[in-house]
Amino acid sequence: MKKPAAFTLIELLVVISIIALLIAILLPALGAARSNTRDLSCKSSIRQWVMVWHVHATDNKNRPVQSWQYTNEVNAGPGQHWYVEVREYMGGEEALVLACPTAGDPTGSGSTGSYGTATQNWYPGSGHAGLRDQHVGGFGYNNWWEESSVTRNDTAWIKNADAAIEPTSMPVFFDGTWADIGWVLETDIIPGEAFRNDPMGTLGAGIPYIKRVALNRHTGNTVNLGHADGSLVSSDIDDLLRDFVWHNDWDKSTNP
């Protein structure tokens with residue numbers, strides 16, 4: 001009986017080459033799919049925080065979440081940010097949505113915490129009363145949505161959750177290097193490409209607060225933002241001052 005012909009060396013090499021070619025074609029697509037999944041998860045988390053923000057406001061005479069205070073207006077001191085105030089609305093599971101899935105775990109363990117980067121979430125300091133491990137995060141809060149002792153133009157503050165002059169373009173939560181991003185002004189500067197992977201690092205020293213949200217974390221140099229009306233958008237970093245209204249006195253003519 002005649003034996004079946006075996007594969008020749010050349011035929012085996014051809015098959016291996018075809019498999020390698022298919023892998024080379026599929027791997028970028030799989031990587032893009034994973035990236036898109038993480039991006040969608042990030043957007044979903046931001047949307048949840050905006051929803052929680054609205055529920056909290058409804059229960060508190062339409063008063064927005066305060067970054068530095070509890071609902072009872074007792075000053076909790078530095079480190080007790082918005083997510084501490086609203087954690088009861090998350091069922092104690094805020095850690096599931098506070099970190100951006102595109103970024104990894106932060107490094108270090110200093111008592112003062114650490115700012116985030118494009119590849120690492122931020123983490124708070126020791127002032128979080130034992131909740132620090134839960135509060136590793138990747139999102140920031142627009143500080144204009146609060147009552148504060150900081151000296152600013154009083155009409156610029158948004159002290160009522162329904163008082164935004166342009167709710168469809170007024171950011172509440174977004175990708176950020178810290179829990180708060182400060183008070184964005186029309187005159188702020190958007191960091192250049194060299195700063196966007198680590199905007200709070202030494203290279204970004206001296207750049208105003210917009211650097212805390214100018215973070216090159218997602219595909220296409222984009223930042224995810226959740227607005228006061230509940231809408232969600234992805235914006236190019238360079239459009240953060242031109243396309244959005246960060247407080248109630250915002251002058252769009254400054255950034256046409």
Side-chain angles (χ1 to χ4, degrees), residues 38-103 105-106 113 116 121-148 157-164 167-183 212-213 223-234 246-248:
R38 289 193 294 265
D39 186 48
L40 288 173
S41 179
C42 172
K43 291 177 181 178
S44 175
S45 296
I46 292 176
R47 187 184 300 277
Q48 288 184 57
W49 281 114
V50 175
M51 292 173 62
V52 167
W53 180 83
H54 275 290
V55 174
H56 173 277
T58 300
D59 288 349
N60 290 274
K61 299 179 180 180
N62 228 22
R63 177 174 176 262
V65 170
Q66 302 297 289
S67 177
W68 294 91
Q69 298 175 336
Y70 288 116
T71 306
N72 62 9
E73 299 188 16
V74 174
N75 194 329
Q80 301 293 8
H81 293 287
W82 46 270
Y83 48 84
V84 176
E85 183 175 344
V86 301
R87 66 178 182 268
E88 61 183 290
Y89 294 89
M90 300 299 292
E93 298 295 333
E94 66 269 35
L96 297 177
V97 295
L98 188 56
C100 176
T102 301
D105 293 334
N121 286 290
W122 49 260
Y123 74 92
S126 57
H128 281 243
L131 297 172
R132 187 167 120 189
D133 290 342
Q134 290 178 270
H135 293 165
V136 169
F139 307 125
Y141 183 58
N142 180 2
N143 288 105
W144 286 110
W145 291 98
E146 63 179 357
E147 302 169 23
S148 175
W157 296 96
I158 318 153
K159 299 179 181 180
N160 184 295
D162 293 330
T168 58
S169 59
M170 184 80 77
V172 181
F173 295 110
F174 31 77
D175 291 302
T177 62
W178 191 243
D180 308 310
I181 66 157
W183 299 269
R212 293 190 179 185
V213 67
V223 173
N224 295 323
L225 305 98
H227 291 159
D229 69 336
S231 61
L232 194 71
V233 297
S234 293
W246 292 86
H247 60 69
N248 264 350

Expected output: side-chain N224 to main-chain L232 donor-acceptor under 3.5 Å: no

Side chain to side chain contact (heavy atoms under 4.5 Å, CB included) partners for P64, two or more places apart: W53, Y141, W145

Least distance between heavy atoms, I181 atom then N142 atom: CG1-CA, 4.4 Å

All side-chain hydrogen bond (donor to acceptor under 3.5 Å, both in side chains) counterparts of S44, not counting sequence neighbours: none

Those residues that, when tested against H54, pass side chain to side chain contact (heavy atoms under 4.5 Å, CB included) (two or more places apart): V50

F174 and W246 aromatic ring geometry - parallel, tilted or perpendicular at 30°/60° bounds: perpendicular

Derivation of the side-chain contact (heavy atoms from CB on, under 4.5 Å) call for W157 and H247: CA-CA 6 Å; W157 296 96; H247 60 69; over 6 Å; no

Side-chain donor or acceptor of N143 paired with backbone N/O of G182 under 3.5 Å: yes

With sequence neighbours excluded, residues passing side chain to side chain contact (heavy atoms under 4.5 Å, CB included) with S231: H227, D229

Candidates F139, W122, F173 - the one meeting ring pair (Phe, Tyr, Trp, His ring centres under 6.0 Å) with Y83: W122

Contacts of N62 that satisfy side-chain hydrogen bond (donor to acceptor under 3.5 Å, both in side chains) - sequence neighbours left out: N160, D162

Set of side chain to side chain contact (heavy atoms under 4.5 Å, CB included) partners for V86, sequence neighbours left out: W49, V52, H56, V65, Y89

Separation of D175 CG from C42 SG (nearest 0.5 Å): 4.0 Å

